[in-house]
Amino acid sequence: MANFNIIVGSVLGASEYVADALQETLHNQGHSVTIHLEPELQSIDKSTIWIVCTSTHGAGDLPDNIQPFSDQLKETELSSTAFLVVGLGDSSYDTYCNGAMTMQSLLEKAGATLLNKPIHIDVLTHPIPEDAAVEWLESWLANQPKILKG
Ligand SMILES: Cc1cc2nc3c(=O)[nH]c(=O)nc-3n(C[C@H](O)[C@H](O)[C@H](O)COP(=O)(O)O)c2cc1C
């Protein structure tokens with residue numbers, strides 16, 4: 001079993017639903033999970049697995065609730081942190097899933113390790129983004145060493 005922290009960036013709530021679905025999937029496999037809707041760097045254990053689950057708004061911007069956290073990432077060192085990225089976006093925007101890409105880049109610059117290719121979910125073709133996110137997570141979990149298998 002492992003410890004996960006899900007860091008949510010959301011304006012309209014869709015990414016929160018996705019985070020809830022990911023949490024349920026992880027709980028069902030015996031893992032412990034905390035969801036952060038107002039993420040604060042200091043309160044998130046760096047030795048856990050982070051899942052950043054964020055939409056994009058404005059002109060490729062991060063949602064307001066995750067902006068302070070993204071600023072905190074610029075001034076920290078995260079070499080003991082491993083992470084996954086789930087992006088929600090709309091492919092009719094030039095800045096498709098830019099928020100998720102920004103978070104990935106900030107985490108990598110801070111020295112964190114990306115564990116799996118990020119999933120970018122196009123809400124135009126996935127009216128229920130939870131389904132795509134859960135499928136992606138389950139497939140990743142199925143390929144992990146036994147320690148992650150609950
Ligand atoms: C005002 C507005 C701006 C948006 N800008 C972008 C964008 O730049 N890039 C993108 O991929 N999606 C964009 N989207 C689509 C949202 O990311 C998408 O609807 C997502 O599901 C919203 O998730 P949330 O409810 O968690 O915020 C935008 C949506 C709105 C309403």
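Indexing begins at 1, ligand by ligand and atom by atom, following the structure's order.
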Exercise: identify the closest heavy-atom pair between Ala133 and Val86:
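So the minimum-distance heavy-atom pair works out to CB-CG1, 4.3 Å.
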Could you pull out the closest heavy-atom pair between Ala2 and His31, with the gap in Å?
N-ND1, 2.9 Å
Listed partners of Ser91 passing side chain to side chain donor-acceptor pair (under 3.5 Å), at least two apart
Asp122
Under the side chain to side chain donor-acceptor pair (under 3.5 Å) test, which residues partner Thr48, sequence neighbours left out?
Asn5, Trp50
Side-chain heavy atoms of Asp45 within contact of Thr81, under 4.5 Å
no
Name the residues in contact with ligand 1, where contact means a heavy atom under 4.0 Å away: which are they?
Ser10, Val11, Leu12, Gly13, Ala14, Ser15, Ser55, Thr56, His57, Gly58, Gly60, Leu88, Gly89, Asp90, Tyr93, Thr95, Tyr96, Cys97, Val123
Could you go through residues 61-70 and list every donor-acceptor pair under 3.5 Å that involves a side-chain atom there, pairing it with any protein atom two or more places apart or in another chain?
from  : atom 1 : to    : atom 2 : distance (Å)
Asn65 : OD1    : Ser10 : N      : 2.9
Asn65 : ND2    : Val8  : O      : 2.8
Asn65 : ND2    : Leu37 : O      : 2.7
Gln67 : NE2    : Leu62 : O      : 3.3
Ser70 : OG     : Gln67 : O      : 2.7

